[in-house]
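This report refers to the structure that appears directly beneath it.
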Amino acid sequence: MRRKNFLSILMIFFVAITSGCGGAAVKSAFKSAGKGVSNTAKKVMRNADKIDTAMDIADVALNSRSGNNNPGVNRSPVNRNATRAGAVVAGGAFVASELLTGALDSRDLSLGEFAIDDREEKVTAKLGRPSSVSTDSDGGRRLTFKDIEIVVRQGKISALVSMSSAYATARGIHEGSPAQEIFDKYGTDCEKTVYDNQTLYEYQIKSADGHPCWLRFAINSSTNKVEYISVRFVQSESQNGGDNGDSAKQAFINYHKAITNKNYRAAYETFSHNQREAMGSFDSYVSGFSDTISSEVTDIKLVSSDENSCTFDYTLTARDRYQGNRIKVQIFKGQVVMIKDSGNWYIRQSQASKVNEKYE
């Protein structure tokens, strides 16, 4: 019964929000719902006259569900952003209220309640411990949570990447939003790059202290909807560890070092998002290294490169345990395509053919 009542309440919220109703209309709607509505609804009705915006409706709904009768408890900007993100999860729809309009500025460099240059302590206080932590090629710490990845450098957020629709931009764009909504709200003054089944639209915006940053929308070419959103600093050559070729090459070398060191989580996360989806689960990936002793790449030669992509030829020497105490040594010649995302290099695709094999 509680689930049914709560769904009824959410339906009333949805009708009120989409029709632009205020508190009086919300109270009227609850009365029309009849006696079957739970005590949670009664709490909302008592505060309905104080409701002026769609965000207030979400505030009261969430506070009432948690037993808080004061609809003004979530009035700070940070808490209201958190409420908006929570409403996406609980109600299944984005509550569009108090969104940014006008010229792009540093306030656009955010996802949900987190923004570029926020302290790491804020992340910990809001989200707790990440499900995984890895080190990027340039030394940043990538914290992975259920709905978002956050990169931290020197105690501050330097990049944000959405992993679900729960985190939206300051103008209301989230995963699943139609591409046209981006142009309606952000304009068309952006850089466009096409990768496989994705089209990337990037807007350069300065942070509050004047550093250039990128706001990226990755559009799935098949659905023409947002697949993910990222916000990041535009890194200098020194921050990237040299030119693109050197940085991408080192990321590929580090991938094979991670395999040798049995740091399979770091290795797995070196693959691009699309490549990880194509490979399958992390557990199935790890199972392929049950006999692996070492993985080493040499003769790495740059074939082609641009700002966000590098292609290398390479030689791979793989050493595996074989039939007890023997070791199988396999030599491969291959080619890898590395792509840059949020200032870091990932393996988009790699192919290799065996050219030699011996036993030790």
Side-chain angles (χ1 to χ4, degrees), residues 89 123-124 127-152 159-167 175-176 195-198 218 220 222-223 227-230 248 250-297 314 316-332 334-342 344-354 357:
V89 176
V123 178
T124 304
L127 299 180
R129 296 179 61 182
S131 58
S132 68
V133 180
S134 60
T135 303
D136 287 340
S137 58
D138 60 356
R141 293 170 54 246
R142 182 171 292 263
L143 314 178
T144 302
F145 298 93
K146 178 177 179 291
D147 298 305
I148 193 170
E149 282 190 341
I150 300 177
V151 178
V152 175
L160 300 160
V161 185
S162 70
M163 296 179 68
S164 82
S165 62
Y167 282 85
E175 289 188 19
Y195 285 124
D196 295 336
N197 194 42
Q198 281 185 342
N220 184 300
S222 300
T223 64
E227 193 162 279
Y228 74 85
I229 304 167
S230 68
Q250 189 59 52
F252 186 53
I253 292 172
N254 290 345
Y255 166 75
H256 287 279
K257 284 183 177 179
I259 292 175
T260 301
N261 295 330
K262 302 188 184 306
N263 187 358
Y264 299 125
R265 173 61 68 179
Y268 182 73
E269 291 180 355
T270 305
F271 288 98
S272 67
H273 176 74
N274 286 349
Q275 189 66 15
R276 274 181 276 173
E277 285 192 341
M279 289 191 309
S281 70
F282 172 69
D283 289 339
S284 63
Y285 168 77
V286 172
S287 66
F289 298 103
S290 58
D291 295 320
T292 299
I293 298 173
S294 66
S295 181
E296 181 182 10
V297 285
Y314 65 90
L316 167 65
T317 302
R319 302 175 77 247
D320 299 279
R321 287 184 291 273
Y322 180 76
Q323 292 184 352
N325 295 327
R326 300 188 68 188
I327 296 175
K328 179 192 288 188
V329 181
Q330 300 177 89
I331 311 297
F332 299 85
Q335 188 171 91
V336 62
V337 178
M338 306 290 291
I339 60 170
K340 187 191 290 184
D341 186 6
S342 299
N344 302 298
W345 288 96
Y346 298 91
I347 299 172
R348 186 176 72 178
Q349 63 183 50
S350 181
Q351 55 186 14
S353 300
K354 187 190 298 184
E357 179 179 292

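Residues take their numbers from the sequence shown, with the count starting at 1. What you see below is based on every heavy atom in this structure, not just the backbone, and it leaves out hydrogens, waters and symmetry mates.
In this structure, CD on Gln349 lies 11.0 Å from CG on Asn274, to the nearest 0.5 angstrom. Put simply, CG on Asn344 and OG1 on Thr270 are 10.0 Å apart, with the number rounded to the nearest 0.5 Å. One finds the CZ atom of Arg326 at 13.0 Å from the CG atom of Asp320 (value rounded to the nearest 0.5 Å). Annotation: the span from Phe145 atom CZ to Ser132 atom OG amounts to 9.0 Å, rounded to 0.5 Å. Annotation: the span from Glu269 atom CD to Thr144 atom OG1 amounts to 5.0 Å, rounded to 0.5 Å. The OG1 atom of Thr317 lies 3.5 Å from the CD1 atom of Ile331; values are rounded to the nearest 0.5 Å.
The two residues Ile339 and Ser272 have their closest heavy-atom pair at CD1-CB, 4.0 Å. Taking every heavy atom of both residues into account, Thr292 and Arg321 meet most closely at O-NH1, 4.1 Å. Here the closest non-hydrogen pair linking Ala352 and Phe332 is CB-CB, 4.0 Å. A pairwise comparison of heavy atoms in Ser284 and Ser281 identifies OG-O, 2.8 Å as the closest pair. The minimum heavy-atom distance between Tyr285 and Ala267, with the atom names listed, is OH-CB, 3.5 Å.
Judged by distance alone, the side chain of Ser295 and the main-chain N or O of Ala318 form no donor-acceptor pair under 3.5 Å. A donor-acceptor contact shorter than 3.5 Å links the side chain of Ser162 to the backbone of Ile229. With hydrogens and angles disregarded, a donor-acceptor distance shorter than 3.5 Å links the side chain of Asn220 to the backbone of Ser222.
Between Phe252 and His256, the ring-plane angle classifies as perpendicular under the 30° and 60° cut-offs.
Val336 has its side chain out of reach of Val297: every pair of non-hydrogen atoms, C-beta onward, lies at least 4.5 Å apart. Residues Tyr228 and Glu175 form a side-chain contact, since some pair of their non-hydrogen atoms from C-beta on lies under 4.5 Å apart. At least one side-chain heavy atom of Ser350 sits less than 4.5 Å from a side-chain heavy atom of Tyr314. Looking only at side-chain heavy atoms (C-beta outward), Glu296 and Leu316 stay at 4.5 Å or farther from each other. Side-chain contact between Leu127 and Leu143: absent, with no pair of heavy atoms (C-beta onward) separated by less than 4.5 Å. For the pair Trp345/Gln250, no side-chain contact is recorded, criterion being any heavy-atom separation below 4.5 Å from C-beta on.
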Tell me, with the steps shown, if Glu149 and Leu160 meet side chain to side chain contact (heavy atoms under 4.5 Å, CB included). CA-CA 6 Å; Glu149 282 190 341; Leu160 300 160; over 6 Å; no
CA sep, side-chain torsions, deciding dist, call: Phe282, Tyr264, ring-ring contact (aromatic ring centres under 6.0 Å, His included): CA-CA 9 Å; Phe282 172 69; Tyr264 299 125; 7.7 Å; no
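Only one option out of Gln275, Arg276, Glu277 pairs with His273 in a side-chain hydrogen bond (donor to acceptor under 3.5 Å, both in side chains); it is Glu277.
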